[in-house]
Amino acid sequence: MPATLFTLAEGIRACTACPLHKSRTLAVPGDGPANAKLFFVGEAPGNEEDRQGKPFVGRSGKFLDQLLQKAGIKRSDVFITGAVKCHPAKNRTPSASELNTCRHLWLENQIFLIQPALVVILGTAALRSLLQKEKLQPLHGKIIEKNGQKYFITYHPAAGMRFPKIRKMMEDDFGKLKKTLEKL
Ligand code: SF4
């Protein structure tokens, strides 16, 4: 990682700006190339991510890997992070204030440094944080532009794992994502 992304990652590991720092083992800054065209944003680190300090390495991560592979997108080509970087106790949903604090301090700066062609929103927490919208269903598979940045919206892999209907929609969305990527 270049010095600037590296500096952000160091800052994230030491951050105590919201209550989530109390429930983390290791903060999870995110992972991927500095020139990634796709920048994925999930919700928050789960137990395995918290233990390893890496994004999407648990069950949801394996499912995300399958979706990427099926769509012909290499995981090593994309940047992956969360809307918050610290594990919430009992996997609770991050609060609006935690989402806002982490976005202002870290997520927006990561996006600014990487300047991805598309930010891929995985699930409601990322949607709430980045686009201040609540309802994902009508927006999945679509691109929204805000302040010059394009966002592609889909479900969180944890939902796709649990519900076959959502799995199918995610597979279709990732197919669209691949086609969009080819035109970028
Ligand atoms: S979740 Fe984000 S803002 Fe909160 S302590 Fe962790 S890095 Fe800092």
Side-chain angles (χ1 to χ4, degrees), residues 1-36 38-65 75 78-116 118-136 144 146-161:
M1 277 196 282
T4 40
L5 270 183
F6 182 81
T7 310
L8 281 186
E10 290 293 293
I12 288 167
R13 290 191 188 101
C15 181
T16 54
C18 89
L20 291 178
H21 79 276
K22 293 183 201 148
S23 52
R24 77 175 176 226
T25 308
L26 292 174
V28 183
D31 220 358
N35 61 350
L38 297 181
F39 183 106
F40 285 76
V41 186
E43 181 169 318
N47 293 320
E48 197 52 35
E49 288 78 11
D50 180 58
R51 205 174 62 76
Q52 295 190 34
K54 292 185 179 153
F56 279 99
V57 287
R59 286 181 62 227
S60 295
K62 292 205 170 59
F63 182 64
L64 177 63
D65 287 348
R75 176 157 173 163
V78 306
F79 194 92
I80 304 183
T81 189
V84 295
K85 317 300 188 192
C86 302
H87 173 61
K90 297 182 186 162
N91 288 318
R92 69 166 171 82
T93 306
S95 68
S97 141
E98 289 159 352
L99 288 170
N100 286 337
T101 304
C102 209
R103 185 187 69 250
H104 281 308
L105 281 176
W106 307 117
L107 185 58
E108 283 174 354
N109 283 313
Q110 290 178 311
I111 295 170
F112 177 77
L113 285 176
I114 293 175
Q115 303 209 322
L118 266 185
V119 171
V120 183
I121 287 180
L122 299 168
T124 313
L127 182 71
R128 201 174 284 144
S129 172
L130 287 162
L131 296 178
Q132 289 77 53
K133 291 185 185 296
E134 292 293 323
K135 290 207 162 104
L136 191 146
I144 287 189
K146 187 185 170 194
N147 299 332
Q149 175 65 58
K150 289 193 173 88
Y151 297 86
F152 182 91
I153 298 149
T154 189
Y155 293 89
H156 192 280
M161 267 173 16

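Remember, predicted model here, so these are calculated numbers, not experimental data. All ligand and atom numbering here is 1-based and tracks the order in the structure.
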Verify whether the ring centers belonging to His156 and Phe56 lie closer than 6.0 Å. yes
When Arg103, Arg128, Arg92, Lys22 are each screened for salt bridge (Lys or Arg N to Asp or Glu O under 4.0 Å) with Glu98, the one that passes is Arg92
(Q) Has Arg24 got a side-chain atom pairing as donor or acceptor with Arg13's backbone, closer than 3.5 angstrom? (A) yes
With no hydrogens and no angle check, is any side-chain donor or acceptor of Glu108 less than 3.5 Å from a backbone partner on Leu105?
-> no
Taken by chain and residue number, the protein N/O/S atoms under 2.8 Å from atom 2 (Fe) of ligand 1 read Cys102 SG
Is there a side-chain contact between Thr81 and Asp31 (heavy atoms, below 4.5 Å)?
-> no
Is Glu49 reaching over with its side chain to a backbone N or O of Gly46, donor-acceptor style, under 3.5 angstrom?
yes
